[in-house]
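Read through the structure below, which is laid out as C-alpha cells, and then see the notes.
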Amino acid sequence: MKLGVVKESRFRRVAIIPDTVPKLKETGLDLLIETGAGEQALFFDAQYTEAGAQVIDRSALLTQADIIISIDPLFEDDMQAAGTDTWFISQFEPYNDREIVDKLTQKGFKAFSLDMIPRTTLAQAMDILSSMASIAGYQAILSAAHHLPRYFPMLITAAGSIRPARVLVLGAGVAGLQAIATARRLGAMVEAFDTRQAAKEEVESLGAKFVEVEGAKDDTDAGGYAVEQSEEFLQRQRAEVQARAMKADVIVTTAQVRGRKAPVLVPTSTVEQMKPGSVIVDLAASTGGNCELTRDEKIIQHQGVSIIGNSNLADDMPQDASQLYSTNAYNFVKYLLQDGKVNLDLDDEIIGGAYITQTDQKD
Ligand code: NAD
C-alpha cells in the first residue's frame, strides 16, 4: 500500500517528517510525498528521497496513494480526485463541525479523525491534541513575553528592583499546564483555574497557585474533558477572575468544552480593569474565545491591553510540531495496519473511535 503526505494549505507543518519514513516503510508501506510538503517546516524534498520516499506532484499523489495523511482535512475536490477507495487520516473535528460526518459518509469517503482517539493511556502515543496543545501553551507564554512591555522575572539591579510578572492561566489542561511551566521557568508568579478538580494537584506540582471556585459540575464521566458549567457558576468565576485580572500582567486562556462554544471568562469590563501594557493570549479563539473582545487570528489593543487570539500557536513552531505529529501519526498507522493492510476493527476502542465514517453505526 502507498501512504501519501500532502502539502498543507493552511499550515507550515507537515504530517510526516523524513525521520519517520523508514519506520513507516518497515510496516510495509511505500511513501509518497508531495513536492515541497515539508519545506516550511524545514524538511526538504531531498531528505525525504534520501529516507526512501518518492517525491511527486499533488495530482499524481492523489491518484496513487491508498492512504492520505494530513493535518488539516483535504479540500473536497482533492478527496474526490483521490476517490472513495482511499483512506483519509486527518483532524476532521466532528465535535465542532456537526455536518462533516454525514457529508463524508454520504459521499462514500473513509476517514479517520486523529482528534477522536480516546484520551487513554494506551492511545497516549497517538495523541496529537496533547502534542499540539503543549506547544501552544509554551508559545502562548513566549508570545505574551514578547508583547509585554515588562520583565517576567524578578530582578534586582543597581537601578532598582523589578517585581516578577503575575500570570493567570484559565484552564489547566495540556496547554494550560505547559503555559504554567513555561511562565514559571521565566520567573513569573503564576495562578491558575480549572473546573476539573484533578487539575489542582498538577497545577500545584508546577509551583503555581490553584484558585478554587466552589460549585463546579462533576465531570468524572466526561472522559477527562470538561463539562459545560451553569451560568451561575460562570458568573462567580468571572468575579474571581476580575479580582485577579486587575493584578495580572498576563492572562493565558485555554478553557474549552468539547463541542461547545468556549465559555466567556474575561468580559470587556475585566479587560478595562487591567493595567495598561498587560497581555491576554486566548488559545480558545477559534471556538469563540474566553475573552469577550478576542478576535480569532488577530491581535487587538483595548485600552492599552493586547489581546492575542490564536488557537494555532503550534504552527509557530513548525519543526518540532511536525516531528511530534509525525510520531503520533506513525503510532496510529502502525496500530491500524495488519500484514500491510488496514485492519478496520471497529470494536477496537482506538480504531473505532477514530473511524468517523461508519455506515453501520453501533449503538
Ligand atoms: P481542553 O483543551 O478540552 O480544555 C482545556 C481546559 O479548560 C481543560 O482542562 C478544561 O477542564 C478547562 N475548562 C473548561 N471549562 C472551563 C471553565 N469554565 N473554567 C476553567 N477551566 C475550564 O482540554 P485538554 O487540555 O485537551 O485536556 C482534556 C482532558 O484530557 C484533561 O483532563 C487531560 O488531563 C486529559 N488528557 C488525558 C490524556 C491521557 O490520559 N492520555 C492525554 C491528554 C489529556
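Counting convention: from 1, in listed order, for ligands and their atoms alike. Here the structure is a predicted model, which means the values were calculated and not measured.
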For this session: Consider only side-chain N and O atoms of Thr357 and Thr105, and report whether a donor and an acceptor are under 3.5 Å apart.
Result: no
Exercise. Do Arg260 and Thr287 have side-chain N/O donor and acceptor atoms under 3.5 Å apart?
Worked result: no
Problem set entry | Heavy atom of Gly176, distance to ligand 1 below 4.0 Å | no
For this session: Return yes if a side-chain donor-acceptor contact under 3.5 Å exists between Asp296 and Ser286, otherwise no.
Result: no
Exercise. Is there a nitrogen or oxygen of Val174 sitting under 3.5 Å from a nitrogen or oxygen of ligand 1?
Worked result: yes
Problem set entry | Ala123 and ligand 1 - part of the residue with a heavy-atom distance under 4.0 Å | neither
For this session: State plainly whether the residues Glu191 and Arg244 are in salt-bridge range, i.e. N to O under 4.0 Å.
Result: yes
Problem set entry | Non-neighbouring partners of Glu76 that pass salt bridge (charged side-chain N to carboxylate O under 4.0 Å, His left out), sequence neighbours left out | Lys107
For this session: Would you mind running through ligand 1 and noting each atom that sits below 4.0 Å from a heavy atom of Thr120?
Result: 41 (N)
For this session: For Asp127, take its heavy atoms, then give the atoms of ligand 1 lying under 4.0 Å from any of them.
Result: 42 (C), 43 (C)
Exercise. Do Ser70 and Asp72 meet the criterion of a side-chain donor-acceptor pair at a distance under 3.5 Å?
Worked result: no
Exercise. Should the pair Tyr355 and Phe112 be assigned to parallel (<30°), tilted (30 to 60°) or perpendicular (>60°) ring geometry?
Worked result: tilted
Exercise. Short N/O distance, under 3.5 Å, between Asp194 and ligand 1?
Worked result: yes
Problem set entry | Numbered atoms and elements of ligand 1 in range of Thr254, under 4.0 angstrom, heavy atoms | 4 (O), 5 (C), 6 (C), 7 (O)
Exercise. Polar-atom distance check: Arg119 versus ligand 1, any N or O pair below 3.5 Å?
Worked result: yes
For this session: Assess Gln237 for proximity to ligand 1: is some non-hydrogen atom of it under 4.0 Å away?
Result: yes
Seminar exercise, completed: Taking only non-hydrogen atoms of Gly173 and a 4.0 Å limit, the atoms of ligand 1 in range are 6 (C), 9 (O), 25 (O)
Exercise. Is any NZ, NE, NH1 or NH2 atom of the basic residue among Lys341 and Asp339 found under 4.0 Å from an Asp or Glu carboxylate oxygen of the other?
Worked result: no
For this session: Verify whether one side chain among Asn343 and Tyr335 offers a donor that lies under 3.5 Å from an acceptor in the other.
Result: no
Exercise. Does Val213 reach ligand 1, in the sense of a heavy atom lying below 4.0 Å from it?
Worked result: no
Problem set entry | Residue Leu234 vicinity, atoms of ligand 1 by number, heavy atom under 4.0 Å | 18 (N)
Exercise. Is Ala199 in contact with ligand 1, taking contact as a heavy-atom separation below 4.0 Å?
Worked result: no
Exercise. Could a heavy atom of Ser130 be found less than 4.0 Å from some atom of ligand 1?
Worked result: yes
Problem set entry | Remaining members of hydrophobic cluster (4.5 Å side-chain criterion), Val266 | Leu168, Leu170, Phe193, Val211, Val213, Phe233, Leu234, Val241, Ile251, Leu265, Val271, Met274, Ile280, Leu293, Ile300, Val305, Ile307
Exercise. By number and element, which atoms of ligand 1 are closer than 4.0 Å to a non-hydrogen atom of Pro263?
Worked result: 18 (N)
